[in-house]
Student: 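Handing you a structure now.
Each chain gets a letter, A, B and so on, in the order its sequence line appears, and its residues count up from 1.
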Amino acid sequence: MDAACFQVSPMSANSSASAAGYPPPSFIDPATLMQIQSLELRARAVVEGFFTGLHRSPYHGFSVEFTQYRQYVDGDDLRYLDWRLYARSDRYYVKQFEDETNLRCHLLLDNSRSMSYGSLSYSKSDYGKTLAGTIAYFLNTQRDAVGLFRVSETVDEYIPPRFRFGHLRRILVCLDRQPEGTSTGIVAALEHAAQRVRRRGLFLIISDLLAPLDRLESRLAYLRAGGNEVVVFQILDPAEMSFPFEEAALFVDVETGREVYVDPQISRRAYQQRLQEHLAAIRSACGKLGIQLNQLTTETPLERALFDLLQTRMHVTQTRHR
Amino acid sequence: MSFLAPLYLLAGLAISLPIAFHMIRRTPRGRQMFSSLMFLSPSPPRMTKRNRIEDWLLLVLRGLAICLLALAFARPFLRAQESTPDANRESQRLAILLDTSASMRRPGYWEEALSHVREVVAQAGPMDQLTLLTFDTLATEQIGFEDWSRLPVEAREKSVEERLKDLSPGWSGTELGRALISAADRLEEQADLAGEKKTVVLISDMQLGGHWEALDSFTWPADVTLRLKTVGTSAAETNASIQLVSEGQTPGETLRVRLYNTGNSSRESFRLGWQDEFADESPLDAAPGTLTVYVAPGQSRVVPAPMVPEGMSPTSLALSGDDVTFDNLCHVIPREPRKIQIVSLGSDEPASPDGLRFFLGPLFPSTSWRQVEIVDWPASEPAPPVSGESISWLLLGGTPDAAQRDWVRNWGRAGGQVLFVARNADQATTLYELLGTPPQTVAEADLTSYAMLGKVDLSHPALRPFDDARYSDFTKLRFWHYRKFAMETLPGVQVLAAFEDGAPALAEIPLGQGRIVLLASGWNRNDSDLAVWSKFVPLMNGLLDYVFPAPSWRRQAVVGDDVVLSELGLGTERVAVRMGGETTVHAAQDTVRLDRPGRVRFSRSGAAEDAAAVELAVNLPADESRTEPYPPELLAAAGVRLEKLSGGPASKVDLQRQERQLLNRELESRQQYWRWLVVAALGVLGVESILAAWTAWLRREQAVSTA
């Protein structure tokens, strides 16, 4: 997998989607969506809207792949010859593809305090929860097993992946809790998660990744070493990107409560420079490990995040089968 | 440099505020929650050497602005060149207006007023011009501006003092308004001196009955101020007064008097009694004949005078029970009814309504002011039963015999007044014999129905009361019979009323010094409707007043009234006037001013006992007894520019301090340095604002570039 193609910055997400003839012109505005109290309803609204947009789309998801037959030609692998069909129809047909198992997806949601920040009417945590719920809902409709890690410094809560009645609701209820952690990173939690998961699957990490990157790369490497596919959704607030403040004030860290006097007019340029360096470092680490990175701001419509996920998964699957 | 309000200099301490603000480290205004501070570095304002210098400049500017404002509020002024006000003081014109009305006779008032005069005179500068006026109902100049200017400076106070010795409060009322106008006019007389300070110094007790109303119709000069020196304001005194309201309407009725109690009185019970000319001034005791009267403060009450004690010939009513005695006497002269004697010559029965005599009694009734006696002249008597001098009017309604005709003619020529009523044509010819003219025939008017008056001379004094549209209707008067006299046969006749054919109905014919009033028809039933006509009684009484006029003067007068001696009818060229125990002789055409209360007697000069002497009772004007203090603000409301309100005597130190304060205020208002200080402060603040903005911009740019 080419890591470079996943380096979708929030600002460039629109252009990549437009090139694929998608998304439909009408997204659900995140601000409007967040006004829906129930997380399940929010997830359903996103997924159903997504399906409406997929009406004529060739994509079918990444677990249950489309299966077709074609006539055998010389040179085809005999392992894919359908002998039962040959017995019924006395013709050689080849099964072009068939997925073996259901996908096991682990949603890993950052539960730290920094996720509670939001300059809009909702926080990064709200956005991340909705994104996780949407993916869980979508996978549930695909009959895939979905599990959940709520992590801060360590794993706060873990729901193993299942596909059974009531499991989705359990995940959604767990997601709906407020972030309580005080940690500044999820590095330690990644290690715990990697130890808990025995069977390989897909890890969807939803975090702002606003923490020192000392051991992040190694912990992500743990997950990849276990044979897991890893997709990272880095969620940032628009104010964290643009730093729009004008007046000097005491800036208070929501995680630690530390206060620092900052004059934005003086510090804005330095801040943006350091942030871009941090983001670049994350992109670099993900690129090395073959991790799909989606950097989103909380203004981005959720359907687009889902679409980006599907598109990249499709690409991965096709690449793998080739 | 001095300051009018030096306490405002304390506001200069506010200069510490910018210093305090400067010393306090700038703290951020708000707190901003943020997700992570890992990319933020603290950026506190740094104190560099250069910043400190610039801030010090701002600090100096702000401190300077505060100091300038504090100085401006302290109202500075320079007194160096004007520190000797007395030497360079502008000259002023002063008019001292000294009240000499009767209310100033209250104990202590006059002495206090004189001390005020001396104080004002002592304070007058050598260049000042001064006049001293006294006023009661009239303003009198005691010392004029020219007199003052002519006097040596050192002799002025002494001259005023000598003049004051001759002055004392009189008995007249107060005309404050007219006096103020007079004083203001005197100050305004010299137009070339306009611009110098002009002040009227009013020294008065400011009583409520002071009559300031004249000021309402006067425009007070803009450059004349009034300085009040109120006398006796601290005294809260009870003052009741007494005035004669009316004499009785009938001869037996007593007098009625009005008692007035001032609003600031503390008592309300007073005694009222008669006094004769020998009474002392001791208060009335509870002897018989005195009356206790209750009058609430500020109110008046009309009561009948007490009965005159037996064996006493009173001259005045006296009041006691109050603190102020100058207005406690009311001089009274009991009125004597005027005696009128009407002699009737005729054969009519007094009890017969067909004749003239029957109506005389109802026509001329006796009242409280006249006593009418009707005397019948028997037909056989050649002369009336009373002396000719006492006869007021002779009514000739019958046919006199020769002796009677002679008597009447002679009496008339000597000044007697005759009313000739033509009863028939034969009797009417008697008129010519009385007049002494050749006998003429008088014809009876030939009437088929009745005759009316065709012309009435309403300008004649006897008929003037009818000269009004409401009373001038003579059409209801009808004559059944009358006698036609030829006008040309009556020498000097003046027709008062004529019949429709032009014949005289009522005429006046001179007879020597007397006169004959001719009535061409009688008022008996057969001749006319006169007796039942509504205007008959006024007509006849008008004629009586015309032929026997009542005196025009009244027996009750007030101080300040002028008496024209010729109107008293004494008939001499010299008249002796006895007033207050002094007798002066005046020419008959003179006018005498009544200047004190009491009885005034006018008699023919040289006659020891003159029966025709006239005696008047002179009393104080009623308003002079209204001694309640009068609020000076009302003068200001009437347009007078008051300099200040002076109360009791102020100490000399206080006066000097007040004068110094006034001078300071005037100097400051003339210089007005505070305006320039405010302008300077605004300028400094403007520079400070520009400098502060530039400094902030420069600092920000530096910070951005270093960050």
Side-chain angles (χ1 to χ4, degrees), chain A residues 110 112-119 123-125 179 183-185 207-214 235-241 243-279 281 298, chain B residues 16-62 685-707:
Chain A
D110 187 356
S112 65
R113 277 281 174 91
S114 66
M115 288 290 285
S116 63
Y117 175 74
S119 64
S123 64
K124 292 188 288 184
S125 175
S183 72
T184 57
S207 171
D208 53 7
L209 295 179
L210 292 180
L213 298 178
D214 303 341
I235 299 171
L236 293 174
D237 193 86
E240 291 171 336
M241 295 298 296
F243 204 65
F245 309 104
E246 291 294 334
E247 295 191 358
L250 272 180
F251 279 70
V252 183
D253 194 321
V254 295
E255 286 185 341
T256 62
R258 190 165 67 95
E259 295 182 349
V260 171
Y261 171 75
V262 174
D263 189 346
Q265 299 191 8
I266 298 173
S267 304
R268 181 179 294 116
R269 197 176 296 172
Y271 170 85
Q272 289 176 339
Q273 188 176 350
R274 289 176 194 165
L275 177 66
Q276 290 302 325
E277 290 171 358
H278 181 74
L279 296 180
T298 53
Chain B
S16 59
L17 294 179
I19 298 175
F21 292 147
H22 186 80
M23 298 301 287
I24 295 172
R25 185 169 175 153
R26 196 172 55 151
T27 55
R29 284 178 229 168
R31 295 159 67 88
Q32 177 65 51
M33 305 300 287
F34 201 61
S35 56
S36 175
L37 303 183
M38 58 184 296
F39 308 124
L40 287 172
S41 55
S43 54
R46 293 178 184 174
M47 302 294 293
T48 64
K49 189 177 177 183
R50 180 173 174 177
N51 282 340
R52 205 171 291 135
I53 290 172
E54 289 175 353
D55 287 351
W56 274 111
L57 184 57
L58 288 179
L59 180 66
V60 168
L61 288 175
R62 288 167 187 166
L685 285 178
V687 172
E688 188 270 341
S689 299
I690 294 171
L691 189 62
W694 179 73
T695 308
W697 175 81
L698 193 65
R699 195 177 302 165
R700 190 175 303 151
E701 286 298 311
Q702 286 177 349
V704 169
S705 62
T706 53

Student: Nearest 0.5 Å, please: how far is OG in B/S36 from CZ in A/R258?
Tutor: 8.5 Å

Student: Before we go on, tell me: are the rings of B/F39 and A/F243 under 6.0 Å apart, centre to centre?
Tutor: no

Student: Distance check, rounded to the nearest 0.5 Å: A/L250 atom CG versus B/M33 atom CE?
Tutor: 11.5 Å

Student: Can you tell me how far CZ of A/R274 sits from CG of B/L40, rounded to the nearest 0.5 angstrom?
Tutor: 7.5 Å

Student: Is the shortest heavy-atom distance from the side chain of A/D237 to the side chain of B/S35 under 4.5 Å?
Tutor: no

Student: Grab the two heavy atoms, one from B/L37 and one from A/D253, that are nearest each other, plus how far apart they are.
Tutor: N-OD2, 3.4 Å

